Q: 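Before anything else, here's the structure in question.
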Amino acid sequence: MAKSRSTRASRGGVSGFRPVRRLWRSGTRLALIAGLIVIGTVAAHREIDPPRSFYMGQEARRLGGIDHLWVPIDAVAPEMARSVVAAEDANFCLHWGFDMQAIRTAIEAGSNRGASTLSQQVVKNVYLWHGRSWLRKALEAAITPLVEIMWPKRRVIEVYLNVAEFDEGVFGVAAAARHYFGVAPSELSAVQAARLAAVLPDPKGRSASRPDAWLRKRAAGIMDGAATIDRDGRADCFED
C-alpha cells in the first residue's frame with residue numbers, strides 16, 4: 001500500500017512539471033518564430049524600402065499628415081551623406097554597429113549623446129519606437145548587428161537619409177531639401193547639406209533655412225568634418 005502511494009505521489013510530481021515544460025516550449029517556439037520574422041524582415045529591407053515607421057504614423061495622426069518622399073541615394077548629393085556621417089557618426093565605416101570608443105567617452109562624460117551610431121538610429125527609426133526604455137534599447141542592441149551583417153554601409157546611409165526627421169512633420173532628405181531650400185536632394189550644396197545635418201539632434205527646435213549663430217558654427221564644423229572624411233577616403237564604404 002505504501003509503495004502504491006509512493007508511486008502515485010511520484011507520478012503526481014512529474015505531471016506537476018508538465019505545464020511548466022509546455023510553457024517553456026511554447027515560449028521557445030514563439031521566440032524562435034519572432035527571431036525568424038525579424039531576420040527575414042531585415043534581410044528583405046536590404047532591397048525593399050521599409051514602410052512608414054511607427055513614429056511617422058504617430059506624427060501623421062497628430063499633425064494630420066507628414067511630408068515624406070523616398071529617394072535612392074544616387075539621387076542625393078554626396079555632400080549630404082558625408083555631412084550626416086561627420087555630424088552623427090564619424091567612425092561609421094570602422095564600427096560594426098556600435099562605436100565602443102564613443103560609448104566609453106559618453107559614459108565618462110555622464111551622457112549618452114554621441115554614443116548612438118547611424119546604424120542604431122536606423123534600427124530605432126525603422127523598427128522600433130522613440131522614447132527611453134530598457135526594452136527598446138535591448139531590442140535595438142539585438143537588431144543593430146543584424147542590420148550591419150545584412151546591409152552594406154551604403155544601404156544604412158540610404159535608409160537613414162530617408163527616415164530621419166528634419167523638421168516637424170518633415171521626414172527624409174528629399175522632403176527636407178524642398179522644405180528648407182526649394183531644391184531637389186541632388187542639388188544640395190555643401191553648406192545646405194551641413195545645415196540639414198546640423199538640425200538632426202533637435203529637428204523641431206532648429207531651422208536649416210533660418211540658422212542661428214550656433215547652427216552656423218555647427219554647420220561649419222560639419223563641413224570641415226565632411227571634407228576630412230572625403231580627403232581621408234573614409235567615405236569609400238558608403239559612396240562606392
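Every value quoted in this text rests on a predicted model; they were computed, and no experiment measured them.
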Q: Does a side-chain N-to-carboxylate-O contact under 4.0 Å join R52 and E59?
A: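 Salt bridge: no.
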Q: Side chains of E148 and S119: any donor to acceptor distance under 3.5 Å?
A: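 Note: S119 and E148 side chains meet the donor-acceptor criterion.
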Q: Between D49 and R155, does at least one N-O distance fall below 4.0 Å, as a salt bridge requires?
A: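 Salt bridge: yes.
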Q: Determine yes or no for a side-chain-to-main-chain donor-acceptor pair under 3.5 angstrom, with E88 supplying the side chain and V85 the backbone.
A: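 Between the backbone of V85 and the side chain of E88 there is no qualifying donor-acceptor contact (under 3.5 Å).
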Q: Please determine whether salt bridge (Lys or Arg N to Asp or Glu O under 4.0 Å) holds for the pair R62 and E168, giving the CA-CA distance in whole Å, both sets of side-chain angles, and the decisive distance to 0.1 Å.
A: CA-CA 11 Å; R62 184 176 72 85; E168 188 171 50; 2.9 Å; yes
Q: Rounded at 0.5 Å granularity, tell me how far CD in Q58 sits from CG in L63.
A: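 That separation rounds to 11.0 Å.
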Q: Is the backbone N or O of H130 less than 3.5 Å from a side-chain atom of K124, with the two atoms forming a donor-acceptor pair by type?
A: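 Such a contact is absent between K124 side chain and H130 backbone.
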Q: Under the 3.5 angstrom rule, does the side chain of R218 hit a backbone N or O of A87 as a donor-acceptor pair?
A: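 Confirmed, R218 side chain pairs with A87 backbone.
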Q: If only atom types and distance count, is the side chain of D89 paired as donor or acceptor with the main-chain N or O of L118 below 3.5 Å?
A: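 Yes, D89 side chain to L118 backbone: donor-acceptor pair under 3.5 Å.
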Q: Give every residue pair that meets the side chain to side chain donor-acceptor pair (under 3.5 Å) criterion with at least one member in residues 33-45, sequence neighbours excluded.
A: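 Found H45-Y127.
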Q: Test: ring pair (Phe, Tyr, Trp, His ring centres under 6.0 Å). Region: residues 169-226. Which pairs qualify, not counting sequence neighbours?
A: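 Pairs touching residues 169-226 that pass the test: Y55-F171.
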Q: Nearest 0.5 Å, what's the CG-OG1 distance between D99 and T117?
A: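 D99 CG to T117 OG1: 7.5 Å, rounded to 0.5 Å.
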Q: Can you tell me if W151 uses its side chain to pair, donor with acceptor, with the backbone of L146 under 3.5 Å?
A: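 Not a single qualifying donor-acceptor pair exists.
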Q: Give every residue pair that meets the salt bridge (charged side-chain N to carboxylate O under 4.0 Å, His left out) criterion with at least one member in residues 63-81, sequence neighbours excluded.
A: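 Salt bridge (charged side-chain N to carboxylate O under 4.0 Å, His left out) check on residues 63-81 returns D67-R178, D74-R154.
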Q: Say whether, by atom type as modelled, one donor and one acceptor occur between the side chain of H68 and the main chain of N162 under 3.5 angstrom.
A: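 Here the side-chain-to-backbone pair exists.
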Q: Between the main-chain N or O of L128 and the side-chain N or O of R136, is there a donor-acceptor pair closer than 3.5 Å?
A: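 A pair under 3.5 Å: no.
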Q: How many angstroms lie between CZ in R206 and CG in D212, if you round to the nearest 0.5 Å?
A: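 R206 CZ to D212 CG: 8.5 Å, rounded to 0.5 Å.
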Q: For a quick test of reading the model, state the closest non-hydrogen atom pair linking P145 to A142 and the distance between them.
A: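 Smallest interatomic distance, heavy atoms only, reads CD-O, 3.5 Å.
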Q: Is the closest basic N to carboxylate O distance between E239 and R234 below 4.0 Å?
A: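 A salt bridge is absent here (no side-chain N lies under 4.0 Å from a carboxylate O).
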Q: For the side chain of Q192 and the backbone of S189, is there at least one donor-acceptor N/O pair under 3.5 Å apart?
A: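 Yes.
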